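First up is the structure itself, then whatever we jot down about it.
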Amino acid sequence: MSDADEDLKWGRSTVDTVCPLDCPDTCSLEVTVEKGKIVTIDGSDKQPVTDGYICGKVRRFGERVYGDARLLHPLIREGKRGSGFRRASWDEALGTIAARMLEIRDTTGAEAILPFSYGGSNGLLTQDTVDAQLFRQFGTSRLARTVCAIPTSTAHQALYGKMPGVTYPDYRHAKLIVVWGANPSSSGIHLVPHIKAAQEAGAALIVIDPRRTNLARQADVHLALRPGTDVVVALAIHRYLFERDLTDQQFLAEHTHGADQLRERAAEWTFDRAAEVAGLEPELLENVAEMYAEISPAVLRCGWGLERNRNGGNAALAVLALPAVAGKFGVRGGGYSMSNSAAWNLSAESWIGTPEPATRLVNMNRLGRALLEYRDPAVEMLFVYNCNPVATMPDQNRVLEGLAREDLFTVVFDQVMTDTAKLADVVLPATTFLESYDVAKSYGLSNLQLARPVIEPVGEARPNVEVFAELAARLELDAGAGASTDVEALLHLASALPEETSRELMDSGIVNGPADGRPTQFVDVFPRTPDGKVRLFPEELEGQSAIGLYRYRADPATQDYPLALISPATEKTINSTLGELRTRVANLQMHPDDAVQRALSTGDTVRIFNALGEVHCPVTLNADMRRGTVGLPKGLWRMSTLNGSTANALVSDELTDIGGGAVFNDARVEVARVLTAALDTQDLTLYAADTTEQVH
Ligand code: SF4
């Protein structure tokens, strides 16, 4: 075929689709394709909030699709674990997996198999469809997906039954915006222009975050609180509202339960006491409370940063309860924004159909312990998909030790060769969202959008639905029967939606949620609790939390490890997705005053350490960090530090007070300079903090 014929055959086209990755914005995309290859990825106006632009992460997603790390065909381990693979056919790879699953079921029992997935794509067809049917029917252990959003989600469910929240366009109607534990400049970028527009129209902005983020710089008040103390700051505001009779008593009487119990728990948190614990000026905290009491409409953006510590569940409860106590609902631009993922009342259960068996439930934050310590039965097979646990789970060294077990059979089904895939026995290549159908459900807005394939699958990559359906057939299960391809799964999902919603989604590719995607709380939407009221003191959680509701657990810092290490999201990755594209070693961010105490300068190589492990990387002095708090990026891959350990190597597998979430921001560390020198052909690494000497 001549070049001209080739051009004619493929042409150049622009395809509408959506970004289903783990980000609140679910941007509508315009992908330009030439000769069957992606040329550009940009935002479209189809979903108005996208407004024609997207983040730099997804603009470069083509580098993942065609990059060196892309998995093009199945692989089977050859030699020692981690040393390499040989190419295999799909038939051989799936046959090997099926044979091992059957063998485990017939010898130890299927609970020795642990499926492991989370957030690699938030598309409705990539998780909790045929995969869930298969694992349930086979009787494997179950996974509690708790690494993110579980404390906030549990609090939101208990208080409001996950009532849909204020969406971005309505921020323009607010006179006060409180951004608490969120950094929309890194994740959820489309909120920023709406906040700016509100500010230009006279709205005040309060940002609550240990770092001086871009948004914090433009705020009227920035509360740079100590990580893990959000709960006491919120309780001090509650106390102020109750003590000064600034609550909306009529609203509390008509629409809530439990205000007296909340008032009682908040009573001990004077501004002075809360400010001392949170490391703030009491006057600043009082100023925030006054602003919140006085200014309406006020919208509170509750992020996920505040849940990543031992007090995360109580923090989410106390923060989300504020609009109810202060009477901020019932007006456009007033109320709160949390996750809108429940706006559609879509339950994966109706898709899955197969009831969940009462098999062992494993908290994913304890993966390392599960692989090394769990018995009756021990985990013999780990099946990872949509996830890179080496990069994302707490207690990284324990996870690595578990994955190194020679008697563990690990399957990784992913788009690229991740740190976890390198340690697998069988690796399967998955399609990206640009190569198969999916449905994206927004959790920052409230729309559903259709993701269309814009190119043919790269190499031999296959969609999740198809692979799990074929595996199910080999296991003689009926999982995936009638929905064994992404197209069939899409039709199956569409048939479960209300007829009009389904038609609109299939015809136009987008359908808005309640009140045309812009609900006013307590006007268009109401709590979805059993009696429709806000439950300010959800009793069932009182027993779940070791110390009760609205309580504070003290900072875990010690004399040896005095610095709080946080690992916030950045502009480079979505969780750990796209981590393979980082070309530079990550830097530790540290306040200059903390650096002076340790004789550190920007560019010094440091060792960040505690009893669980250590990370080596350069340090950057950054006055935007809070004193006593240091930061490493979230979702780093092992190649992004000098010793192959990331922030998660310093995070314990302790759990949050409510929900069993991860406590990433409870890592307490010390930092010391590493002196490096070349000696003949060897590199010497000398640690300044003690006399340890390491040759590598
Ligand atoms: S990651 Fe977020 S901002 Fe970026 S394209 Fe996807 S939805 Fe939009």
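Predicted model only: the values in this text are computed from it and were never measured.
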Seminar exercise, completed: Minimal heavy-atom distance between Ala259 and Phe242, with the atoms involved, is O-CZ, 3.7 Å
For this session: Any chance you could measure Trp637, atom CH2, to Asn388, atom CG, to the nearest 0.5 Å?
Result: 5.5 Å
Exercise. In terms of heavy-atom contacts, does NZ of Lys441 have more than 12 from other residues, nucleotides or ligands at under 6.0 Å?
Worked result: yes
For this session: Mind listing the closest non-hydrogen atom pair of Gly313 and Ala155 along with its distance?
Result: O-CB, 4.1 Å
Exercise. Is the closest basic N to carboxylate O distance between Arg551 and Glu268 below 4.0 Å?
Worked result: yes
For this session: Only pairs at least two apart or in different chains count here, so list each side-chain hydrogen bond (donor to acceptor under 3.5 Å, both in side chains) that has a residue in residues 185-195.
Result: Asp25-His190, Arg172-His194, Asn183-Ser186, Ser186-Glu571
For this session: Indicate the atoms forming the closest heavy-atom contact of Thr50 with Gly43, along with that distance.
Result: CG2-CA, 4.0 Å
For this session: Check whether any side-chain N or O of Asn287 sits under 3.5 Å from a backbone N or O of Glu283 as a donor-acceptor pair, and report yes or no.
Result: no
Problem set entry | Sole candidate of Ile195, Val192, Val179 that passes side chain to side chain contact (heavy atoms under 4.5 Å, CB included) when paired with Tyr171 | Ile195
For this session: Could you tell me how the ring of Phe251 sits relative to the ring of Phe329: parallel (under 30°), tilted (30 to 60°) or perpendicular (over 60°)?
Result: tilted
Exercise. Is the side chain of Trp180 donor-acceptor paired with the backbone N or O of Gly305 at a distance under 3.5 Å, no angle test?
Worked result: no
Problem set entry | Backbone N/O of Thr573 and side chain of Lys57: donor-acceptor pair under 3.5 Å | yes
Exercise. Of Leu235, Asn311, Val232, which meets side chain to side chain contact (heavy atoms under 4.5 Å, CB included) against Tyr550?
Worked result: Leu235
Exercise. Do the ring planes of Tyr240 and Phe271 sit parallel (below 30°), tilted (30 to 60°) or perpendicular (above 60°)?
Worked result: tilted
Exercise. Should the heavy atoms of other residues, nucleotides or ligands under 6.0 Å from CD of Glu281 be counted, would the total exceed 12?
Worked result: no
Exercise. Tyr443 vs Trp304 aromatic rings, parallel, tilted or perpendicular, using cut-offs 30° and 60°?
Worked result: perpendicular
For this session: Grab the two heavy atoms, one from Phe537 and one from Gly258, that are nearest each other, plus how far apart they are.
Result: CB-O, 3.8 Å
Problem set entry | Side-chain donor/acceptor of Gln544 to backbone N/O of Gly659, under 3.5 Å | yes
For this session: Please check if atom CD in Glu243 has more than 12 non-hydrogen atoms from other residues, nucleotides or ligands closer than 6.0 Å.
Result: yes
For this session: Check the surroundings of atom CZ in Arg528: do more than 12 heavy atoms from other residues, nucleotides or ligands lie under 6.0 Å from it?
Result: yes
For this session: For Lys162 and Ser339, run side-chain hydrogen bond (donor to acceptor under 3.5 Å, both in side chains): C-alpha distance rounded to whole Å, both residues' side-chain angles, the deciding distance at 0.1 Å, then the answer.
Result: CA-CA 8 Å; Lys162 295 194 175 172; Ser339 170; over 6 Å; no
For this session: Check for a donor-acceptor pair, side chain of Thr529 on one end and backbone N or O of Lys533 on the other, with a separation under 3.5 Å.
Result: yes
Exercise. Yes or no on side-chain hydrogen bond (donor to acceptor under 3.5 Å, both in side chains) for Thr656 and Glu307, after CA distance, side-chain angles and deciding distance?
Worked result: CA-CA 8 Å; Thr656 54; Glu307 71 170 19; over 6 Å; no
For this session: Determine the minimum heavy-atom distance between Ala278 and Val233, stating which atoms define it.
Result: CB-CG2, 3.7 Å
Seminar exercise, completed: Nearest heavy-atom contact between Thr154 and Ile150 is OG1-O, 2.6 Å
Exercise. Just wondering, are more than 12 heavy atoms of other shown residues or ligands nearer than 6.0 Å to CZ in Arg217?
Worked result: yes
For this session: Check for a donor-acceptor pair, side chain of Thr558 on one end and backbone N or O of Tyr561 on the other, with a separation under 3.5 Å.
Result: yes
Problem set entry | Salt-bridge present (Arg332, Asp170; N to O < 4.0 Å) | yes
Problem set entry | Partner of Arg310 under salt bridge (Lys or Arg N to Asp or Glu O under 4.0 Å), chosen from Asp230, Asp657, Asp666 | Asp666
Exercise. Has the side chain of Gln396 got a donor or acceptor atom that lies under 3.5 Å from a matching backbone atom of Val390?
Worked result: yes
For this session: Would you check if the side chain of Arg239 reaches a backbone N or O of Ala266 as a donor-acceptor pair within less than 3.5 Å?
Result: no
Exercise. Counting only N and O atoms by type, is there a donor-acceptor contact under 3.5 Å from the side chain of Asn340 to the main-chain atoms of Pro24?
Worked result: no
Problem set entry | Check ion pair Glu654-Arg553 (N to O, under 4.0 angstrom) | no
Problem set entry | Backbone of Ser567 reached by a side-chain donor or acceptor of Arg308 within 3.5 Å | yes
